[in-house]
Amino acid sequence: MGPWLLAILAGGLSTLSPCVFPLLPLVAGGSLQRHRAGPLMMGLGMVTAFAVLGLLLGTAGPLLGLNDVRLRQFGGGILLLLGAVLLLPGLRDGFSRWISPLANGANRWSARLDTASLAGYFGLGAVLGLVWSPCSGPLLISALTLVATEGHALQGTVTLAAFGLGAAIPLVLAAYASRAAFLRVRERVLKHAYRLQQGFGLLLMLLGVAILLGWDKRVEALLVGLMPDQWVSLTTRF
């Protein structure tokens with residue numbers, strides 16, 4: 001599974017978490033009442049913000065001359081820790097308390113946005129990931145870690161844009177869905193959300209082990225050998 005596929009899954013799970021998903025009609029439905037395209041602008045703002053963050057993070061490592069081996073070892077360890085956070089409720093609650101000041105700051109900043117305009121909803125979408133960070137933080141940091149261990153601007157941009165896309169899709173769908181349809185889906189999502197997050201936590205721990213042991217590079221080399229030369233050139237140019 002490529003980093004961008006993992007990022008889409010992580011982004012989707014961040015929005016479908018039990019402490020975020022029930023709020024989607026309030027957040028997205030309000031924008032729909034003012035502007036028909038409001039939820040789409042929120043989704044676009046979310047994807048854009050994460051793409052820019054991925055670009056910055058993807059270029060930071062090479063510019064700072066960070067050692068790839070140590071960066072990968074650090075990233076693998078972080079993925080193991082984040083997997084444990086998603087698997088164990090006690091660690092998850094502690095992480096939420098630790099990151100809540102960041103969420104509170106983002107929430108105060110978002111309250112100043114002019115949500116009477118589409119630009120305001122674009123800005124709101126751009127900061128929602130931080131507002132929801134007590135719930136989505138482990139999933140977001142896992143995507144950031146994947147970007148850091150790869151160390152390429154293009155891959156960083158695509159990976160975090162994929163995370164933003166995964167997070168934006170449930171937001172937009174909830175805005176345009178009928179109340180009855182949302183309530184039907186809500187029950188199913190809340191029933192399975194924690195199990196899905198725990199499953200993703202186990203996947204993160206396996207990926208962390210693979211990175212620490214170098215297994216991911218073996219799989220990557222195998223896949224590169226199967227790809228067309230033009231595609232390999234494009235993905236390694238930046």
Side-chain angles (χ1 to χ4, degrees), residues 1-17 43-64 66 68-83 85-86 125-130 132-133 135-172 196-197 199-212 214-224 227 231-238:
M1 184 181 293
W4 63 274
L5 288 175
L6 281 173
I8 290 178
L9 178 59
L13 289 176
S14 72
T15 307
L16 296 176
S17 62
L44 180 61
M46 186 175 290
V47 174
T48 302
F50 282 121
V52 172
L53 181 59
L55 174 63
L56 296 175
L57 187 61
T59 57
L63 288 177
L64 295 175
L66 297 179
D68 288 345
V69 175
R70 293 197 174 185
L71 187 60
R72 282 175 50 78
Q73 290 175 341
F74 177 76
I78 290 294
L79 290 177
L80 282 172
L81 177 60
L82 292 172
V85 168
L86 291 173
V127 300
L128 275 180
L130 295 180
W132 293 338
S133 59
C135 293
S136 63
L139 296 160
L140 172 57
I141 296 176
S142 68
L144 294 174
T145 303
L146 288 173
V147 170
T149 56
E150 293 296 329
H152 298 289
L154 179 60
Q155 290 181 347
T157 304
V158 171
T159 299
L160 280 196
F163 181 93
L165 179 62
I169 288 174
L171 175 72
V172 174
L196 288 172
Q197 287 195 3
F200 192 79
L202 179 59
L203 180 61
L204 287 181
M205 296 187 76
L206 292 175
L207 182 59
V209 171
I211 290 175
L212 290 174
W215 294 345
D216 64 314
K217 287 300 181 181
R218 297 180 186 178
V219 174
E220 181 181 341
L222 177 63
L223 294 176
V224 167
M227 293 167 57
W231 180 249
V232 174
S233 176
L234 176 63
T235 57
T236 58
R237 184 176 301 170
F238 299 96

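For the numbers below, each heavy atom of this structure counts, side chains included, while hydrogens, waters and symmetry mates do not.
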Study note, to complete from the structure: Residue set satisfying side chain to side chain contact (heavy atoms under 4.5 Å, CB included) with Ala162, at least two apart, ordered chain then number -> Trp4, Ala7, Ile8

**Study point:** Ala51: side chain to side chain contact (heavy atoms under 4.5 Å, CB included) partners, not counting sequence neighbours
**Key:** Thr157, Ala161

Check your understanding: Any side-chain heavy-atom pair from Leu79 and Ile211 closer than 4.5 angstrom?
Key -> yes

Point to revise | Evaluation steps, side-chain contact (heavy atoms from CB on, under 4.5 Å), between Ile78 and Leu144 | key: CA-CA 10 Å; Ile78 290 294; Leu144 294 174; over 6 Å; no

Tell me the closest heavy-atom pair linking [X] and [Y], and the distance in Å.
| X | Y | answer |
| --- | --- | --- |
| Ala143 | Leu160 | CB-CD2, 3.6 Å |
| Thr15 | Pro170 | CG2-CB, 3.8 Å |
| Phe200 | Ser142 | CE2-OG, 4.1 Å |
| Met46 | Ala168 | SD-N, 3.7 Å |

Check your understanding: Under the 3.5 angstrom rule, does the side chain of Thr48 hit a backbone N or O of Gly45 as a donor-acceptor pair?
Key -> no

Review point. Under 3.5 Å, side chain of Ser17 to main-chain N/O of Ser14, donor-acceptor pair present?
Key: yes

Inter-residue atom distance [X].[atom1] - [Y].[atom2], 0.5 Å rounding:
| X | Y | atom1 | atom2 | result |
| --- | --- | --- | --- | --- |
| Gln197 | Leu204 | CD | CG | 10.5 Å |
| Leu13 | Phe163 | CG | CZ | 9.0 Å |
| Leu44 | Leu165 | CG | CG | 11.0 Å |
| Leu207 | Leu202 | CG | CG | 11.5 Å |
| Thr159 | Leu6 | OG1 | CG | 9.0 Å |

Practice item. Applying side-chain contact (heavy atoms from CB on, under 4.5 Å), run through Leu86 and Leu139 and close with a yes or a no. Key: CA-CA 8 Å; Leu86 291 173; Leu139 296 160; 3.9 Å; yes

